[in-house]
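Notes follow once the structure below has been shown.
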Amino acid sequence: MDNKKMSSKQKYNPNEIEPKWQKIWDEAKVYSPNLDTAKKPFYNLMMFPYPSAEGMHVGNMYAFTGADVYGRFMRMQGNDVFEPMGLDGFGIHSENYAIKVGRHPKEQAKISEKNFYRQLRAIGNGFDWSRKVETYDPKYYKWTQWLFIQLFKAGLAYRRKAAVNFCPKDLTVLADEQVIDGKCERCETEVIKKELEQWFFRITKYADRLLNNIEKLDWSEKVKIAQRQWIGRSEGAQIEFKVQSSKFKVQVFTTRPDTLYGATFLVLSPEHPIINVILNSFQNLGSNGIPKQVRDDILEYVENAKNKNEQERMAEGKEKTGVFSGIYAINPLNQEKVPVWIADYALMGYGTGALFGDAHDERDVKFAKKYKIPLKVTVITGDKEKDERIKNFEECFTGYGILIDSGEFSGLTSEDAKKKITAWLKDHNYGGTEITYHLRDWLISRQRYWGPPIPMIFCKKCNWQPVPEKDLPVLLPDVEDWKPKGIHSTSSGQAGKSPLASAESFVNTACPNCQGAAKRETDVSDTFLDSAWYFLRYVSTDIESVAFDIERVKKWLPVTMYIGGAEHSVLHLLYSRFITMVLKDLGLIEFEEPFSRFYAHGLLVKEGAKMSKSKGNVVIPDEYISKYGADTLRMYLMFLGPFNQGGDFYDTGIEGMFRFLKRVWTLVHDKKDSMKTRNDSSSLLGSNEAYVFMNKTIKRVKDDMENLRYNTAIAALMEYYNFLSKQEYIAIEEFRNLLKLLSPFAPHIVEELWEYIGGKFSIHQELFPKFNQNALKSFHRTIAIQINGKLRDTVIVTDQASKNKNTIEQLARKSDKVIKYLEGKTINKVVYVEGKIINFVIDDR
RNA sequence: GUCGGAGUGGCGGAAUGGUAGACGCGCAGCGUUCAGAACGCUGUGUUCGUAAGGACUUGGAGGUUCGAGUCCUCUCUCCGACACCA
């Protein structure tokens, strides 16, 4: 190879060819399927980015490239691939960035939009640029608001006063899913609880459906597990305890009704509504009344609990606190009088907010020991020593066993006792089977500016009314002071002072029902509502009269392949499933699961550390693209490691990939002439060996692509290159296939080289090569010769010879290395695995 | 604590129970060059040996098997998710 003779025109220059082809693809609509007439629709979706920084980082590009490679592969399988892109630009993340840089979110959105789209184009994905979605576009959020109204009309959006998560830094409430380790998902500030009236979506109504459908989904297993866990279905019993000397009752949830006989106390959550009822009713009851001291203690404890944040409550996890309520309840099973305590280890949001304490729960035992509440062991194991420890309270037994001291239920196994006691409770009207969930209703309100205004109007006479659909969108008003204000008052229906409240012309309106003076809701909705339905909008961006065109939806959805990060396991993915189910129930669509297949890609890290702005190790793709080109970066990212496991980004590796593409470039240019010669001959192909290699490579790459094992697909392509580069002649078919196999990874360079070897535009509309099954077998086999499983020699034989054990054994016995080991030894056995190994088993001593 | 995932050369990583370390990075030597860059060729798990050739080697300990990175039991470490969920 003589590089000196190569003209400058022949040099691989990605900065020249990449923008060129991107423009040509766009104009030729290579990646824009006709949504109405496509024959084999394949909706290849990737999670759209949220602009929370100047631009996209290399982690986004990693995800998008991996998804695009799959889309390109599916296109080559003859599918009409629809691969849209957009921006999830509404929401706290974008607004916080606007605050940081001191720009109005509307201004910043324009800047981010431009920069993100520039970057998204530069990576060379097969996006359909004619169908973008930006969640802050009024044409989009009009339908987000419409969606809210549909939920309201269906009784699935409601207002409720509850202790909700509030971030004191972002000055807004948050959904449970947005609280990570007791901290705000966005700014990591410790979240506090506030008693507020807010809008919720009744996702809990769908808990069972969301749970039961999971097993049918073709999703990454870890995401399915995370969703199951988040929904957190627990089967148990609800049990009614009567409060002594009163008409009041407390409902208690348990998963262990078999331990009810041993219930020696009750625990109420500090937020439990019955506490106030009790305080008010018992105060004047004379001898039965609650002493003032006890009363004061209760009030103080409840007040303290209210002001603690999640972190504080958790930090005290080991040290339980509580206060005696002064009253007693009756265990329905044995009529025993048990004290009622108030303790914050009982959570108002789970079960009934009340539980019974017994000797078979570690938390209960800790609490009881601290406050010297008696305990009673009612379940033992049958193991003498262990039971001795259990009975002496040296060990807390929480498993299933055999009941003791449980009246008529003594001697039963826990399993049987559960059934029998639950049945007993039901028969005696004390409760029965009950199912409870970890999942809670989705808190939708946000006291922020940058989101779709919740399209509701409050009228003192008519209560809450939805904005008439003809009046949508409720435009986000241009307020000057758009920064978050927090919540100052929650009196009346109005939810405090979010930034929209300062725009009087926005707030004051007429009631859609009675036309009287009324006020608009001033909160906006959660960003996750924007992204919970965007996949429906992509297919209808050219239609303004509906949220989504039903015919298009029928044709393209559910999404065929969805690729994204596992961090959205319980946020976006769960919300999207919920919204889709609701739309199905409203008769608006025909399916209830939005994503047939979901594939979670791994996390890209930088030199062993998670990329984060605070660490300052965020890698921006731009500089690498201008230095090496998008093709090199794409291939490098895909080669780092298995796509579902992520990888580590090192600069040095990119050089190697750049080298590889340069080699391919040079090979095609150098061998183009010899290729022509071969093309004139009768055979289109090179040697037999070359034919076998080509077919093997096609098969390897195809298998790997199907399973998103891109790193090994690229390795196979490198091996193929290494082989071809050593050949004197390369047939045109070999070049064509090399380029086709490479095309999903490096779309620009292959298009350029495709043109160079005289291929018809565009290589991206070609089909994936097919391999010849008969050509997969080599003509030679290398057989490993083992002695007692240890490799001693190899022998090369014809495919024919490899079929005969005797032939191989005779050959193997002739090997000097083998003779050395077999001499004077008894051969007990000879194992032959056809075409692979022959193993002599000998006495080794 | 519960549930996942993973431990293989200097590094990223390959291996339907059948030649461990493919492919790439890095490194070394050679070639090309006035020189460098770039490019090309060769070598490269550890260890003993001039070599031929051995021995050892997939976090650790056992086991199944003719044969184990892969299967089973126990155990250690790291990463991720959830977490006072009754």
Side-chain angles (χ1 to χ4, degrees), chain A residues 1-4 180-182 221-226 228-230 232-234 236 252-256 259 267 269 313-314 316-320 343-347 349-358 360-364 366-367 398 436-439 566-567 569-570 602-603 605 607-608 610 635-636 639-642 644-657 659-660 662-663 666 709 711-719 721-722 725 782-794 817 820 828-842:
Chain A
M1 260 165 272
D2 198 343
N3 291 331
K4 277 181 292 179
I180 314 291
D181 274 339
E221 207 53 38
K222 58 178 170 181
V223 174
K224 289 165 74 163
I225 290 165
R228 278 195 197 101
Q229 206 168 286
W230 186 262
R233 186 181 196 270
S234 285
V252 165
F253 175 77
T254 182
T255 53
R256 292 294 301 273
T259 63
V267 180
S269 159
R313 279 201 187 186
M314 271 194 268
E316 293 168 23
K318 279 128 215 161
E319 185 65 14
K320 306 262 172 287
D344 64 8
Y345 81 90
L347 308 172
Y350 188 77
T352 59
L355 56 92
F356 70 72
D358 63 76
H360 301 286
D361 180 291
E362 280 174 26
R363 292 154 308 187
D364 293 345
K366 265 180 199 160
F367 187 75
T398 58
T436 193
Y437 301 89
H438 169 258
L439 181 73
E567 70 272 18
S569 296
V570 294
L603 185 73
V605 300
E607 286 166 25
K610 209 171 182 169
M635 286 200 67
Y636 171 63
F639 187 59
L640 281 172
N644 61 357
Q645 277 173 40
D648 203 340
F649 190 95
Y650 282 87
D651 280 10
T652 49
I654 299 175
E655 293 278 356
M657 196 52 81
R659 230 160 15 220
F660 173 69
K662 277 194 289 192
R663 284 178 189 142
T666 308
R709 289 193 309 242
N711 56 331
T712 47
I714 292 171
L717 286 167
M718 287 173 164
E719 284 179 61
Y721 163 84
N722 289 342
S725 68
T782 309
I783 312 289
I785 306 169
Q786 299 181 338
I787 312 287
N788 284 354
K790 276 191 178 157
L791 180 74
R792 294 303 174 190
D793 201 4
T794 57
K817 292 171 193 168
K820 204 171 81 186
N828 295 330
K829 199 173 171 185
V830 181
V831 181
Y832 179 59
V833 181
E834 196 181 301
K836 282 180 180 160
I837 62 120
I838 184 160
N839 188 15
F840 293 90
V841 185
I842 60 169

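In what follows, every heavy atom counts, from backbone to side chain, and hydrogens, waters and symmetry copies are set aside. Chain A is the first sequence line, chain B the second, and so forth, proteins listed ahead of strands; every chain is numbered from 1.
Distances shown here put a side-chain N or O of A:R663 below 4.0 Å from the OP1 or OP2 atom of B:G40. Between A:K829 and B:C66, a side-chain N or O to OP1/OP2 separation shorter than 4.0 Å is present. Between A:N711 and B:A14 there is a side-chain N or O to OP1 or OP2 distance below 4.0 Å. Between A:N722 and B:G24, a side-chain N or O to OP1/OP2 separation shorter than 4.0 Å is present. Taking side-chain N and O atoms only, A:H438 has a distance below 4.0 Å to OP1 or OP2 of B:A83. Look at A:K366 and you won't find any side-chain N or O under 4.0 angstrom from OP1 or OP2 of B:C84. Phosphate contact (OP1/OP2 of B:G67, side-chain N/O of A:R792, threshold under 4.0 Å): absent. The phosphate of B:G40 has neither OP1 nor OP2 within less than 4.0 Å of any side-chain N or O from A:R659.
Of the candidates B:C25, B:C23, B:C84, B:C84 carries the atom nearest the A:Y345 side chain, counting heavy atoms from C-beta on. Each of B:A86, B:A20, B:G24 was ranked by its minimum atom distance to the side chain of A:D361; first place goes to B:A86. Comparing B:C84, B:C3, B:G24 against the side chain of A:K320 picks out B:C84 as the nearest. The side chain of A:W230 lies closest to B:C82 when the candidates are B:A14, B:C82, B:C23. For A:K790, counting side-chain heavy atoms from C-beta on, the closest listed nucleotide (B:C56, B:G54, B:U19) is B:C56. Side-chain proximity of A:T794 to the nucleotides B:G12, B:C66, B:U19 is greatest for B:U19. If you check B:U19, B:A86, B:G54 against the side chain of A:K820, the one that comes closest is B:G54. Counting only heavy atoms from C-beta on, A:L791 has its side chain closest to B:A20 among B:C82, B:A20, B:C23. Side-chain proximity of A:T712 to the nucleotides B:A86, B:A14, B:C23 is greatest for B:A14. With B:G4, B:C23, B:A86 as the choices, the nucleotide that has an atom nearest any side-chain atom of A:F639 turns out to be B:C23.
Using a 4.0 Å heavy-atom distance criterion, A:N828 is classed as making no nucleic acid contact. If you check every strand for non-hydrogen atoms under 4.0 Å, A:G353 touches a base. Counting any heavy atom pair closer than 4.0 Å across all strands shown, A:T782 reaches a base atom. Looking at heavy-atom distances under 4.0 Å, A:I225 makes contact with sugar-phosphate atoms alone, never a base. Using a 4.0 Å heavy-atom distance criterion, A:G351 is classed as making no nucleic acid contact.
Taking the ring centroids of A:F649 and A:Y636, they lie under the 6.0 Å cut-off.
Using the Watson-Crick or G-U wobble rule with both distances under 3.5 Å, B:G31 pairs with B:C39. The partner of B:G80 is B:C3, judged by Watson-Crick or G-U wobble contacts that both fall below 3.5 Å. Searching all strands for a Watson-Crick or G-U wobble partner of B:A68 with both distances below 3.5 Å returns nothing.
Taking atom P on both nucleotides, B:C25 is separated from B:U42 by 14 Å, rounded to a whole Å. Nucleotides B:G60 and B:U8 have their P atoms positioned 10 Å apart, rounded to a whole Å. If you take atom P in B:G63 and the same atom in B:A15, they sit 30 Å apart, rounded to whole Å. For B:U47 and B:G9, the C1' atoms lie 14 Å apart once the distance is rounded to whole Å. Nucleotides B:U2 and B:A14 place their C1' atoms 34 Å apart, quoted to the nearest Å. Rounded to the nearest Å, the gap between the P atom of B:G29 and that of B:A38 is 16 Å. Nucleotides B:C76 and B:G26 are separated by 40 Å at their P atoms, to the nearest Å. B:A68 and B:U57 are spaced 14 Å apart, taking the C1' atom of each and rounding to whole Å.
For the side chain to side chain contact (heavy atoms under 4.5 Å, CB included) test with A:I785, the passing option among A:I837, A:D793, A:T794 is A:D793; the others fail. For the side chain to side chain contact (heavy atoms under 4.5 Å, CB included) with A:L355, the qualifying choice from A:D361, A:L347, A:D364 is A:D364, the only one to do so.
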